[in-house]
Number of protein chains: 2
Amino acid sequence: MSQRPVPEATVGRLPLYLRALVDLAATGEATISSETLAAAAGVNSAKVRKDLSFLGSYGTRGVGYDVAYLLHQVRRELGLTQDWPVLIAGAGNLGHALSNYRGFGQRGFRVVAIVDVDPGKVGERIGDLRVGHLDDLAAAVDEHQVAIGVICTPGEAAQGVADRMVAAGLRSILNFAPAVINVGPEVSVRKVDLSTELQILAYYEQRKAALEAVASGAEAASASLSAFPAVGR
Amino acid sequence: MSQRPVPEATVGRLPLYLRALVDLAATGEATISSETLAAAAGVNSAKVRKDLSFLGSYGTRGVGYDVAYLLHQVRRELGLTQDWPVLIAGAGNLGHALSNYRGFGQRGFRVVAIVDVDPGKVGERIGDLRVGHLDDLAAAVDEHQVAIGVICTPGEAAQGVADRMVAAGLRSILNFAPAVINVGPEVSVRKVDLSTELQILAYYEQRKAALEAVASGAEAASASLSAFPAVGR
DNA sequence: CAGTGTGAACCTTTTCACAGCA
DNA sequence: TGCTGTGAAAAGGTTCACACTG
């Protein structure tokens, strides 16, 4: 496959480029410059060029990138030329929402199983699926060749569920539970914490409020407001 | 308030420490070392000490940090000594789930309004709330002193909603829609993209599969598997 | 003497700036 | 001529290692 290692930061942006390219392909544009792609993805053009250069030399100097070709290359690099069966653990609010989320299917992620421990939830229908019991996780992983597990349980249950996932052979976990989970080095974990994001916003919001209090006071606050990053990621 | 600017990366970890400290306080521990806090937060101890040193010298050499005191300081730094009223735009799957998510309330974020454009959703009850119309967004922001807006709409609608939020005076936005939104530099935006996270996992999963194919082939793959970061953030 | 606080080294990521090519 | 691809510089973040202190 692709030669040198792609930096982590770049991998994190490839899905952004992918989305922009999909939108662009729909409009019928044949080629795109790094400048335009950068605008669509919300980054700067130097970053786009550097990132894409890790995948290979897919651009044409003086012209730009061929949309269809680049789209294919980014998809291939991300491993999205195949479908990925996904299992969700936890059929609460969030588990429900994710199971029904159309965006997953559109991007090649098929939710093939949902499990929970609550007897009141086991057996419930969600879309085309029936909620299974957590004890059947390993069987479901085997049966559907699941590659990625998603944890949507309360924080207390997260580690136990993660252990079962790893035992069942999963090596990629997306964790929505507000808890740190410990797994072996062969397992990739990504964490999405909804409250954390709000807390980070609260931090910057607070600073803005504090600055304004100063500004509305005696001396003009000459310091630029743009000291606040628009995006903290 | 607090003096020197806290690095962005540190701000991003403060909620992690906060959660660990809350758990710890519940167990009754009075003090904690950077080593133990690090384990609870899933980072290393040097990072913990550096991070906390930006808030001030709150530790005691040879002893550690006073849990209750540090908890208070982290809360204060993050601006969590007050409640933050939140408005959600988009009452679909995700909007529903977030409205009902207990974790927000527990951490000082109160969902005070939900709006949508779909006539089938406007008027619907979600918890204690009634879904309002998007046109009433500004009124709701005023009435409830909303500080943070959350976008849970489809991608196409995100920019329009963001524009309304900014026009209504919001300067902090959490965007769950799969789209880049453009706002002025005075507005902080954080983005959570569910599909993006899965795509990143797919990338690493694919590489693992490729490596294993090589390993199970002729020559022993001497390259270490630990080239895969457990967490990509 | 255990554990914080922090300079200094190191590594990653971003940005700059321009040579080189279609 | 216009835009890519990329070295080199700058910025930001992490880790090391140890002086210092309660």
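Being a predicted model, the structure only gives us computed values, none of them experimental. A, B, ... follow the sequence lines: proteins, then strands. Residue 1 opens every chain. Every heavy atom of this structure was used, including side-chain atoms; hydrogens, water molecules and symmetry mates were not.
- The closest side-chain heavy-atom distance from A/R19 to B/P178 is below 4.5 Å.
- If you look at B/Y58 and B/Y65, their ring centroids are not closer than 6.0 Å.
- Within the 3.5 Å criterion, the main-chain N or O of A/V63 finds no donor-acceptor partner in the side chain of A/T60.
- Put simply, CD on B/E35 is 13 Å from P on D/dT15, counting in whole angstrom units.
- An angle of 10°, rounded to 10°, separates the two end axes of the helix from C/dC1-D/dG22 to C/dA22-D/dT1, each defined over five pairs.
- For B/R171 and B/E186, the salt-bridge test fails: no basic side-chain N is under 4.0 Å from an acidic carboxylate O.
- Between A/D66 atom CG and D/dT4 atom P the separation is 13 Å, expressed in whole Å.
- In this model, the phosphate group of D/dG5 is approached by a side-chain N or O of A/Y65 to a distance below 4.0 Å at OP1 or OP2.
- The shortest distance between side-chain heavy atoms of A/I151 and A/L174 does not fall below 4.5 Å.
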- Could you write nucleotides 14-22 of chain C as a row of B, S and -, 5' to 3', where a protein heavy atom under 4.0 Å of any base atom gives B, of only sugar-phosphate atoms gives S, and otherwise -? SB-B-BBBS
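- Shortest non-hydrogen contact noted between A/L71 and A/A25 is CD2-CB, 4.0 Å.
- Judged by distance alone, the side chain of B/E77 and the main-chain N or O of B/L55 form no donor-acceptor pair under 3.5 Å.
- Rounded to a whole Å, the CG atom of A/L37 is 14 Å from the P atom of D/dC3.
- If you take CD of B/E8 and P of D/dG13, they are 6 Å apart, rounded to a whole angstrom.
- For the pair B/L70 CG and C/dT4 P, the computed distance is 11 Å after rounding to whole Å.
- Nucleotide D/dT4 holds its C1' atom 16 Å from the CD atom of A/Q73, rounded to whole Å.
- For the pair A/L98 and A/F176, the minimum side-chain heavy-atom distance is below 4.5 Å.
- A donor-acceptor distance shorter than 3.5 angstrom exists from the side chain of A/S99 to the backbone of A/G95, with no hydrogens or angles considered.
- Between B/I32 atom CD1 and C/dA2 atom P there is a gap of 18 Å when expressed in whole angstrom units.
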